[in-house]
Amino acid sequence: MIVPRLIERKRNGRALTRDELRELVLAYSRGEVPDYQMAAFLMAVYFKGLDRDEMTTLMEAMLASGSHLDFSHLQIARVDKHSMGGVGDKTSLVLAPLIASLGIAVPMISGRGLGHTGGTLDKLEAIPGFRTQMTMAETTRQVEDIGCALVGQTAELVPADKKMYALRDTTATVEVIPLIAASIMSKKLAESLTGLVLDIKCGSGSFLPETEKGLELAKAMIQLGESHGCPVVALMTAMDRPLGHACGNALETKEAIDMLHGGGPPDFVEVTFALGAEMLLLSGVCRSMEEAHSEMRRAIAGGQAAEKFEEIIAAQGGDSGVVSDTSRLPQAACEGVYEAPADGFITRVEPRAIGHGIIALGGGRLTMEDTVDPSVGFVITVKPGDKVAKGQPIATVYARRKSALEIGRRTLQAAIAVGDAPAEGCALISHRVTASGVENFTAHG
Ligand code: URA
């Protein structure tokens, strides 16, 4: 294999053969192709794209670069949910225990927050003692024992993706649909799933803000899943404002626990239930949306979902007492109330500004090496369209020090706009995408 010839061919807009692409990816994973050549190749892909066969080959080569979880011996459905990330998105913390409490295996491999977006692992690690780095053998055993594990990617699982994603992150080559689709689907198919639900975010806080691009990504991922016997359903959901009220790791964990006890802000509950219903339909445990919604409500009202979360936390070394007493989560030293600056309607709650504000408070990361303070963040109780009166409390800043409250206040001032009339935003859930096509979303439950 002569790597410069492959780079040149892609640069000139031509396709690589299956064998060429597979060998390039596997050789890079083994350390036989230097970063500078792979970076040049990825930039050529950024401009010239990959066709369908190349995207499938890339994903298969990534899968072949490491080991897989193997649950083929389990006689139950194995379903996961993947979100494209955003601000305030804590649905995984509810869905994993909720769906597992209904008898479905949920082997959930998640990521950390980076830039303005949060990450499930950071929210879980807000729970004292919770361990997210587990071996593949430990993860397999826990899924066999209690039906769910909430863990980070290991060195053995899809190492080619780990290396390529880190390189893409530093060479401005992340936002390429076939690369994103192959990257995510390689990790999801390595979980030995029988079904996958995608939460594709649209709007200013998403890293693919336009709905058309989100739909394209959904279709690419659905095609990759179907080609490997894993049915995939995608919902397009709004990320032009944070999801729910809490933004910041421990605050979000608390809000997720509130929902497991039957509470939670309406938008967070609606998106979580919509994704959960798709998981239950894919698993075959429920036959209709109505049945799926009523099963989830029953598992929450009966306490099984909260108990399953306690079981998962205890199995992963954490303080399961947080589920009945959220004051055991890390608490910020200082709080400051933020009031509406004028009478009118909320026209904007900009998620990127809130995400960057969390970083400024010490609760997020700019590089993977940064450490996070789980206690800090915001609780924002208004949404675009809400009517407010000047001086009405609309948010709270949680900070380590009194001096940082001012950073939080300035963030909210920049992120939240009040105008004379309500503004149009993204629909909370706009589309449902399956292998059969795209439909407008219909609410149930
Ligand atoms: N998340 C991933 O895991 N991979 C991508 O390419 C983008 C987001």
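As the structure lists them, so they are numbered: ligands from 1, and atoms in each ligand from 1.
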task = Check whether any side-chain N or O of T139 sits under 3.5 Å from a backbone N or O of T135 as a donor-acceptor pair, and report yes or no.
result = yes
ask   = To which protein heavy atom is atom 3 (O) of ligand 1 closest, and what is the distance rounded to 0.1 Å?
value = K187 NZ, 2.5 Å
inquiry  = Quick one about E307 and S101 (side-chain donor to acceptor, distance below 3.5 Å, no hydrogens or angles considered), yes or no?
reply    = no
inquiry  = Please identify which of these residues, E350, R241, R348, meets the side chain to side chain donor-acceptor pair (under 3.5 Å) condition with S204.
reply    = E350
note = Atoms of ligand 1 under 4.0 Å from any heavy atom of R168, numbered from 1 in the order shown, are 5 (C), 6 (O)
key: M84 near ligand 1 by a heavy-atom separation under 4.0 Å   = no
message = Closer than 4.0 Å to some heavy atom of S183 - which atoms of ligand 1 meet that?
response = 2 (C), 3 (O), 4 (N), 5 (C), 6 (O)
ask   = Quick one: does NZ or CZ of K163 land under 6.0 Å from the six-membered ring centre of Y28, within 45 degrees of the ring axis?
value = yes
query = In terms of residue, atom name and distance, what is the protein heavy atom nearest to atom 8 (C) of ligand 1?
reply = Y165 OH, 3.4 Å
query = Looking only at atom types and distance, does a side-chain atom of T194 sit under 3.5 Å from a main-chain N or O of R78, one as donor and one as acceptor?
reply = yes
